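Working notes, structure below.
Residues: numbered from 1 along the sequence shown. Scope of the values below: all heavy atoms of this structure, side chains included, with no hydrogens, waters or symmetry mates. Just so you know, these numbers come straight off a predicted model, no measurement behind them.
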Amino acid sequence: MKKFIKDLTVSSLEHLNDKHVLIKLTDSSPLPPMLPGQFVEVRVDKSSFTFLRRPISINYVDTERNELWLLVAAIGEGTHAMACLNTGDKLNCMFPLGNGFSMPTASDQRFLLVGGGVGVAPLLYFGKYIRKMKSEPIFLLGARTGKDLLEMDAFRELGTVHVTTEDGSVGEKGFVTDHPVLQREHFDQISTCGPKPMMVAVAKFARKAGIRCEASLENMMACGVGACLCCVEKTTVGNLCVCKEGPVFDVNRLLW
């Protein structure tokens with residue numbers, strides 16, 4: 001796909017909780033095609049100590065409003081600067097980058113989308129695509145507490161949502177791999193994004209159950225085009241740049 005570098009305009013910014021912010025971006029011309037699982041490299045201009053672009057998953061694309069959504073966890077100086085943007089500010093983005101999730105090939109295929117923390121971000125846009133295939137996505141979303149769950153209303157608009165929290169404040173208590181939906185329902189594919197320990201556990205479950213599984217890796221991707229080599233992942237075919245060969249991988253290619 002053709003790549004673009006654009007100064008996008010902040011159309012809105014919503015603080016979802018004390019750490020996460022939803023940034024919606026627009027442009028004077030129609031946004032280019034983007035696929036679920038791809039990402040954006042953002043230049044952070046309002047941080048004097050942030051020299052490298054920050055990789056952010058494409059959370060959603062609203063074609064009617066010509067908006068690109070980015071779900072950002074403000075955990076470092078660069079992302080904190082992004083969380084302080086105002087409506088009308090410009091954000092320089094290089095996009096769309098990487099390879100996305102494998103799409104359904106038939107409407108009767110059942111896709112389970114498993115996310116944890118801010119790793120739920122790319123699953124919302126993927127759920128939209130599954131809906132377009134006349135199928136219903138099943139979401140399994142995990143967080144430490146109920147207040148850490150993100151964009152729940154948006155997920156429920158697209159499909160069935162199952163929830164786990166570590167403290168049991170919402171949904172099932174425990175981790176996503178503890179949820180009974182994994183045992184009682186059949187799935188043709190599992191797609192996951194979130195903390196690595198969670199994705200490793202999901203991958204192990206999928207292998208044991210004989211279910212195809214893809215994981216969206218969150219290695220640090222400074223350049224986004226495979227030049228800096230800082231995002232290299234060891235795989236069954238050697239070292240691969242996550243930003244170029246991924247970020248979505250079939251888990252059977254990963255040495256987990």
Side-chain angles (χ1 to χ4, degrees), residues 1-16 19-101 115 117-126 128-129 150-151 154 193 216-231 241-248:
M1 298 178 69
K2 186 177 180 180
K3 314 302 180 189
F4 297 83
I5 300 179
K6 285 177 170 282
D7 285 322
L8 301 180
T9 303
V10 177
S11 56
S12 72
L13 189 144
E14 178 185 357
H15 290 271
L16 304 182
K19 187 172 73 172
H20 297 95
V21 59
L22 177 61
I23 303 173
K24 297 182 180 181
L25 303 168
T26 190
D27 194 30
S28 57
S29 58
L31 293 169
M34 290 171 262
L35 297 173
Q38 292 186 306
F39 67 99
V40 175
E41 284 278 357
V42 177
R43 191 181 73 204
V44 184
D45 295 327
K46 293 189 176 183
S47 172
S48 58
F49 296 98
T50 305
F51 303 106
L52 300 175
R53 288 179 179 265
R54 291 295 184 263
I56 307 292
S57 295
I58 294 172
N59 176 222
Y60 193 78
V61 178
D62 188 331
T63 52
E64 292 184 1
R65 298 178 64 89
N66 197 42
E67 286 182 336
L68 164 63
W69 298 9
L70 301 180
L71 181 60
V72 178
I75 55 177
E77 184 162 345
T79 48
H80 270 108
M82 292 174 64
C84 294
L85 290 168
N86 297 303
T87 300
D89 285 346
K90 299 292 184 180
L91 197 61
N92 186 270
C93 297
M94 180 168 62
F95 68 106
L97 300 173
N99 299 301
F101 293 105
V118 76
V120 303
L123 304 182
L124 184 66
Y125 190 34
F126 191 23
K128 176 184 178 181
Y129 260 72
L150 304 169
E151 300 185 297
C193 184
S216 179
L217 274 57
E218 296 184 320
N219 300 31
M220 173 54 70
M221 296 175 277
C223 72
V225 294
C228 69
L229 304 180
C230 74
C231 66
C241 288
V242 171
C243 67
K244 188 175 181 180
E245 304 295 333
V248 177

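- Nearest approach of Gly117 to Leu150, heavy atoms of both residues: O-CD1, 3.9 Å.
- Side-chain atoms of Arg65 never come within 3.5 Å of backbone atoms of Thr63 as a donor-acceptor pair (strictly under, hydrogens ignored).
- To the nearest 0.5 Å, the span separating CZ on Phe95 from CG on Leu68 amounts to 6.5 Å.
- Between Ser12 and Thr87 the shortest heavy-atom distance is CA-OG1, 4.1 Å.
- Side-chain N or O atoms of Tyr125 include one that pairs as donor or acceptor with a backbone N or O of Met34 at under 3.5 Å.
- When every heavy atom of Pro122 is checked against every heavy atom of Gly119, the shortest pair comes out as CD-O, 3.4 Å.
- At a threshold of 4.5 Å between non-hydrogen side-chain atoms, the residues Lys2 and Pro32 do not count as touching.
- More than 12 heavy atoms of other residues, nucleotides or ligands shown are found within 6.0 angstrom of CE on Met1.
- Within the model, atoms CG of Leu71 and CG of Leu16 stand 6.0 Å from one another, a figure rounded to the nearest 0.5 Å.
- With a 4.5 Å cut-off on side-chain heavy atoms, Glu218 and Cys193 count as touching.
- Smallest separation of non-hydrogen atoms from Val242 and Met221: CG1-SD, 3.9 Å.
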Donor-acceptor list for residues 35-44 side chains, cut-off 3.5 Å, not counting sequence neighbours:
residue : atom : partner : partner atom : Å
Gln38   : OE1  : Leu35   : N            : 2.8
Gln38   : NE2  : Gly98   : O            : 2.9
Arg43   : NE   : Asp45   : OD1          : 2.8
Arg43   : NH2  : Asp45   : OD2          : 3.3

Compile the donor-acceptor pairs under 3.5 Å between side chains in residues 21-28 and protein atoms, sequence neighbours left out, one pair per line.
residue : atom : partner : partner atom : Å
Thr26   : OG1  : Asn66   : O            : 2.8
Asp27   : OD2  : Lys6    : NZ           : 3.1
Asp27   : OD2  : Ser29   : OG           : 3.0

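- At a threshold of 4.5 Å between non-hydrogen side-chain atoms, the residues Leu229 and Cys241 count as touching.
- Going from atom CG of Leu124 over to atom OG of Ser57 covers 12.0 Å, rounded to the nearest 0.5 Å.
- To the nearest 0.5 Å, atoms NZ (Lys19) and NE2 (His80) are separated by 9.5 Å.
- With rounding to the nearest 0.5 Å, the separation of SG in Cys243 from CG in Leu217 is 12.0 Å.
- In terms of heavy atoms, Ala222 sits closest to Leu52 at CB-CD1, 3.8 Å.
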Take Ile5 and Asn92, measure what side-chain contact (heavy atoms from CB on, under 4.5 Å) needs, and give me the verdict at the end. CA-CA 7 Å; Ile5 300 179; Asn92 186 270; 3.6 Å; yes
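- Rounded to the nearest 0.5 angstrom, Met82 CE and Leu70 CG are separated by 6.0 Å.
- For the pair Phe101/Leu123, a side-chain contact is recorded, criterion being any heavy-atom separation below 4.5 Å from C-beta on.
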Going through the distances and angles, do His20 and Val72 end up as a side-chain contact (heavy atoms from CB on, under 4.5 Å)? CA-CA 6 Å; His20 297 95; Val72 178; over 6 Å; no
